Amino acid sequence: MPLYEIETEYHIIITWADDEESAKNVVRENYPREAIIRIAKRPRNSWVISKAGLGIVGKTDPCHIARECLARAAGDKIHAIRRYMQETGADLERARKVIESNMIMGW
């Protein structure tokens with residue numbers, strides 16, 4: 001079953017589907033108010049995300065920094081986000097994503 005990348009106004013969805021129409025239906029069912037901007041059939045059965053594309057460069061370990069911020073904030077998400085912003089210079093949206101993803105991974 002092919003892997004499809006579907007971009008909407010607010011999401012990038014990666015899904016397996018039998019064909020392009022089935023992939024579009026995944027979006028229609030889950031995000032009915034979002035228009036499909038782009039759809040691409042991926043050449044392989046795997047997905048790779050460039051760290052540089054996410055803004056992760058050099059030898060920094062965002063998970064390590066985020067976990068330290070969470071620990072110093074005693075698990076308080078808002079306080080941890082502020083600490084992460086201060087320590088890394090990340091903007092609010094980036095800091096929120098990093099802290100929340102580390103909380104989900106079981107900080």
Side-chain angles (χ1 to χ4, degrees):
M1 186 176 293
L3 188 64
Y4 286 89
E5 171 189 352
I6 308 148
E7 183 179 354
T8 69
E9 297 165 304
Y10 301 104
H11 297 91
I12 295 176
I13 300 144
I14 313 312
T15 189
W16 279 279
D18 291 325
D19 55 31
E20 190 171 307
E21 192 58 34
S22 297
K24 289 178 181 180
N25 284 335
V26 168
V27 177
R28 290 180 193 127
E29 290 171 10
N30 294 291
Y31 302 97
R33 295 183 178 155
E34 292 187 33
I36 295 173
I37 297 171
R38 180 180 57 83
I39 186 165
K41 183 176 175 183
R42 303 307 299 169
R44 293 182 176 77
N45 194 19
S46 61
W47 180 250
V48 177
I49 298 172
S50 166
K51 289 169 78 174
L54 295 174
I56 301 170
V57 292
K59 294 191 178 203
T60 55
D61 182 3
C63 292
H64 175 70
I65 294 168
R67 288 173 187 256
E68 280 192 27
C69 292
L70 279 162
R72 282 187 256 135
D76 180 313
K77 181 173 94 172
I78 302 300
H79 190 64
I81 290 170
R82 287 185 186 127
R83 282 184 169 275
Y84 187 86
M85 289 171 64
Q86 282 181 323
E87 290 193 23
T88 65
D91 66 5
L92 178 60
E93 185 62 20
R94 170 102 175 110
R96 183 189 63 78
K97 287 178 183 177
V98 171
I99 294 297
E100 287 179 350
S101 65
N102 277 274
M103 290 177 82
I104 290 169
M105 290 188 290
W107 166 83

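Just the heavy atoms: all of them, side chains too, but no hydrogens, waters or symmetry mates, feed the values below. None of these values were measured; they are calculated from a predicted model.
Checked by atom type and distance alone, the side chain of Tyr4 pairs as donor or acceptor with a backbone atom of Glu20 at under 3.5 Å.
At a threshold of 4.5 Å between non-hydrogen side-chain atoms, the residues Glu21 and Lys24 count as touching. For the pair Arg38 and Glu5, the minimum side-chain heavy-atom distance is below 4.5 Å.
Residues Leu92 and Ile99 are members of one and the same hydrophobic cluster, defined by side-chain heavy-atom contacts under 4.5 angstrom among Ile, Leu, Val, Met, Phe, Trp and Tyr. A chain of hydrophobic side-chain contacts below 4.5 Å, direct or via other Ile, Leu, Val, Met, Phe, Trp or Tyr residues, connects Ile14 to Met1. Following chains of ILVMFWY side-chain contacts shorter than 4.5 Å, one cannot reach Tyr31 starting from Trp16, and the two form parts of different hydrophobic clusters. Val27 and Leu3 sit in two unconnected hydrophobic clusters of ILVMFWY residues. Membership requires side-chain heavy atoms under 4.5 Å apart, directly or through other members.
Between Ala90 and Ala95 the shortest heavy-atom distance is CB-N, 4.3 Å. For the residue pair Ile6 and Ala23, the shortest heavy atom distance occurs at CD1-O, 3.4 Å.
One distance of note links CZ of Arg96 with CD1 of Ile78; it measures 10.0 Å at 0.5 Å rounding. Put simply, CD1 on Ile37 and CD on Glu9 are 5.5 Å apart, with the number rounded to the nearest 0.5 Å. Summarising the geometry, atom CZ belonging to Arg83 is positioned 13.5 Å from atom CD1 belonging to Ile65; distances are rounded to the nearest 0.5 Å. With rounding to the nearest 0.5 Å, the separation of CD in Glu93 from CE in Met85 is 10.5 Å. Note that CD of Glu100 is 10.5 Å distant from CG of Leu70, once rounded to the nearest 0.5 Å.
The closest side-chain donor-acceptor pair between Ser22 and Asn25, if any, does not fall under 3.5 angstrom.
Counting heavy-atom neighbours within 6.0 Å of Arg82 CZ, excluding the residue itself, gives a total of 12 or less.
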